[in-house]
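First listed ligand is number 1; within each ligand, the first listed atom is number 1.
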Amino acid sequence: MSDVLAVAEHRRGELRAVSYEVITAGRQVADALGGELHLAVIAGDVDRFAETLDRPGVDVIHAVANGEEFDHNVYQSALKTLFDRTEATAVVMPNSVNGLDHAPAFAEHADLPLVTDAVDVAYDDGPTVTREMYGSKVETTVDVAGDRFAITIRGGEWPAAEGVGDARIETVEIDPPESGARVQGFEEVAGGNVDIADADVLVAVGRGIGEEENLAVVEALADAIDATLSASRPVVDNGWLPENRQVGQSGKVVTPDVYIAIGISGAIQHVAGMKGSDTIVAINTDPNAPIFDVADYGIVGDLFDVVPELTERFA
Ligand SMILES: Cc1cc2nc3c(=O)[nH]c(=O)nc-3n(C[C@H](O)[C@H](O)[C@H](O)COP(=O)(O)OP(=O)(O)OC[C@H]3O[C@@H](n4cnc5c(N)ncnc54)[C@H](O)[C@@H]3O)c2cc1C
């Protein structure tokens, strides 16, 4: 049988959205191979996580109780143990900071070709993985030699698995190897513990805001609709909002229910981070701004007129 091993992701005691996308991607690969989908959840509150992760399409959940989050030794060792035990053909991991910390080392140990930042996988004679390069300007397809391979998937590219499944949950103990590296602790970057990737509603502000003092206009809207504030890169580069608020290729991939892009042109590197949002609203003075190509609702107008009016209606 050609089974697939997928890896869930959690941080600070919460499962991350990509965990459910990894299930969808893993199931897709397992269906192509005619095998089962095994899901690994490693370190932390794994029993609770395992129950939450029981979604349709998952056959077995392996809850690895050892270690702490971010400890790549534990991840590597757990994955190697599970890979050998399940005799999996393919491994699907998130293309996150954590995933990229352990995926290359695991792939090396397991002697698997690794394709990172995948946005699609297809099967013809063998697996073909699609990834984007040069700021999403170029799409490349990678033909994997043989059936065995590992990928890290980009967040927001596969839909999240929904519903309640009937997976077997197995608790696994491993012996992490001795290592010179140890997790010392967790320190938030400036901007507090806001994770824009977890927000249901995002108000995103771009260079069209003009100057830092004007941010109050969009903050008022975010407050009125209980949204989280995010930004395009120039706003972050100018130091007007912290780095953890940046959406896009070199920022975060977000998939909120509603994304309101204000004074953002819609450059390809920005769109790469928000195109998976359920409903996109764009406010821009330029009717030809590319952001309108991905928007569900567009308002052509000056943000300094439109945003206060919206705020007043929602307040
Ligand atoms: C390798 C690389 C990685 C990158 N990564 C990212 C990334 O992660 N995230 C990201 O965002 N960018 C990223 N960029 C930058 C990206 O190419 C764009 O430069 C950036 O997204 C533009 O930001 P913007 O839309 O806010 O500004 P602009 O492109 O300058 O657009 C401002 C928009 O505001 C509108 N506007 C002006 N005044 C008003 C007004 N009063 N009311 C309403 N609308 C108004 C204008 O019509 C315009 O459309 C990256 C670039 C590179 C090369």
Side-chain angles (χ1 to χ4, degrees), residues 17-18 94-97 100 116-117 119 131-140 152 154-157 189-191 194-199 202-222 225 227-256 258-277 280-313:
V18 72
N95 196 70
S96 58
V97 171
L100 291 174
T116 56
D117 204 15
V119 297
R131 63 197 305 268
E132 291 172 352
M133 295 169 70
Y134 302 114
S136 302
K137 288 196 176 96
V138 177
E139 198 171 85
T140 54
T152 61
R154 184 185 288 186
E157 295 294 333
V189 295
V194 173
D195 188 350
I196 56 171
D198 289 339
L202 280 175
V203 164
V205 58
R207 194 173 0 223
I209 197 69
E211 49 192 77
E212 188 174 10
E213 289 65 36
N214 297 338
L215 281 179
V217 175
V218 286
E219 280 165 353
L221 175 63
I225 60 174
T228 303
L229 200 59
S230 58
S232 66
R233 181 160 153 176
V235 172
V236 172
D237 284 351
N238 283 335
W240 299 344
L241 284 174
E243 256 176 54
N244 63 349
R245 304 283 180 139
Q246 184 180 319
V247 173
Q249 183 200 322
S250 51
K252 290 203 171 169
V253 174
V254 296
T255 52
V258 181
Y259 188 86
I260 306 178
I262 302 173
I264 293 177
S265 60
I268 197 157
Q269 296 88 355
H270 184 82
V271 171
M274 47 66 80
K275 64 180 183 218
S277 308
I280 298 170
V281 182
I283 302 168
N284 200 304
T285 42
D286 176 4
N288 298 315
I291 193 72
F292 289 125
D293 296 340
V294 292
D296 299 287
Y297 300 95
I299 303 173
V300 178
D302 190 320
L303 73 90
F304 296 105
D305 298 328
V306 177
V307 175
E309 198 169 322
L310 282 178
T311 306
E312 206 177 299
R313 293 210 190 176

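- Residue contact check: Gly206 has heavy atoms under 4.0 Å from atoms 26 (O) of ligand 1.
- Residue Ala267 has at least one heavy-atom neighbour below 4.0 Å for each of these atoms of ligand 1: 16 (C), 17 (O), 18 (C), 21 (O).
- Considering each of Asn288, Asp305, Ile262, Leu303, the one bringing a non-hydrogen atom nearest atom 42 (N) of ligand 1 is Leu303.
- Distances below 4.0 Å separate heavy atoms of Gly301 from the following atoms of ligand 1: 42 (N), 43 (C).
- Less than 4.0 angstrom separates some heavy atom of Ser250 from each of these atoms of ligand 1: 3 (C), 4 (C), 5 (N), 6 (C), 7 (C), 8 (O).
- Looking at ligand 1, you won't find any N or O of Phe304 less than 3.5 Å from one of its N or O atoms.
- Classification of Glu243 and Lys252 as a salt-bridged pair fails, no side-chain N sitting under 4.0 Å from a carboxylate O.
- A distance-only check finds no donor-acceptor pair linking the side chain of Asn95 to the backbone of Arg154 [under 3.5 Å].
- Checked against Gln246 for a side chain to side chain contact (heavy atoms under 4.5 Å, CB included), the options Val236, Val235, Leu241, Ile196 give a single hit: Val236.
- In this structure Arg233 satisfies the salt bridge (charged side-chain N to carboxylate O under 4.0 Å, His left out) test together with Asp237, sequence neighbours excluded.
- Crowding of Phe304 atom CZ: a count of heavy atoms from other residues, nucleotides or ligands under 6.0 Å exceeding 12.
- Taking a cut-off of under 4.0 Å to the non-hydrogen atoms of Ser232, the atoms of ligand 1 that pass are 11 (O), 23 (O), 24 (P), 26 (O).
- In terms of polar-atom proximity, Gly263 is counted as a contact of ligand 1, with an N or O under 3.5 Å from an N or O of the ligand.
- Residue Asp302 has at least one heavy-atom neighbour below 4.0 Å for each of these atoms of ligand 1: 40 (C), 41 (N), 42 (N).
- Of the candidates Gln249, Met274, Arg233, Arg233 brings a heavy atom nearest to atom 4 (C) of ligand 1.
- For ligand 1 and Thr285, the ligand atoms under 4.0 Å from any heavy atom of the residue are 36 (N), 39 (C), 40 (C), 42 (N), 43 (C), 44 (N), 45 (C), 47 (O).
- The closest heavy-atom contact to atom 48 (C) of ligand 1, among the options Asn214, Ile209, Val205, Asn284, comes from Asn284.
- For the ligand labelled ligand 1, residue Gly273 lies outside the 4.0 Å heavy-atom shell.
- The two residues Trp240 and Leu215 have their closest heavy-atom pair at O-CD1, 3.6 Å.
- Nearest heavy atom pair, residue Leu303 against residue Pro308, reads O-CD, 3.4 Å.
- For Asn284 (side chain) and Asp286 (main-chain N/O), a donor-acceptor pair under 3.5 Å exists by modelled atom type.
- Under the side chain to side chain contact (heavy atoms under 4.5 Å, CB included) rule, Leu310 has a single partner from Val281, Ile260, Leu221, which is Leu221.
- In plain terms, the two heavy atoms of Val307 and Val217 that are nearest each other are CG1-O, 3.5 Å.
- Scanning Ala261, Ala282, Ser265 for the heavy atom closest to atom 28 (P) of ligand 1 points to Ser265.
- Contact annotation for Ile291 and ligand 1: no heavy atom of the residue comes within less than 4.0 Å of the ligand.
- Residue contact check: Gly248 has heavy atoms under 4.0 Å from atoms 7 (C), 8 (O), 9 (N) of ligand 1.
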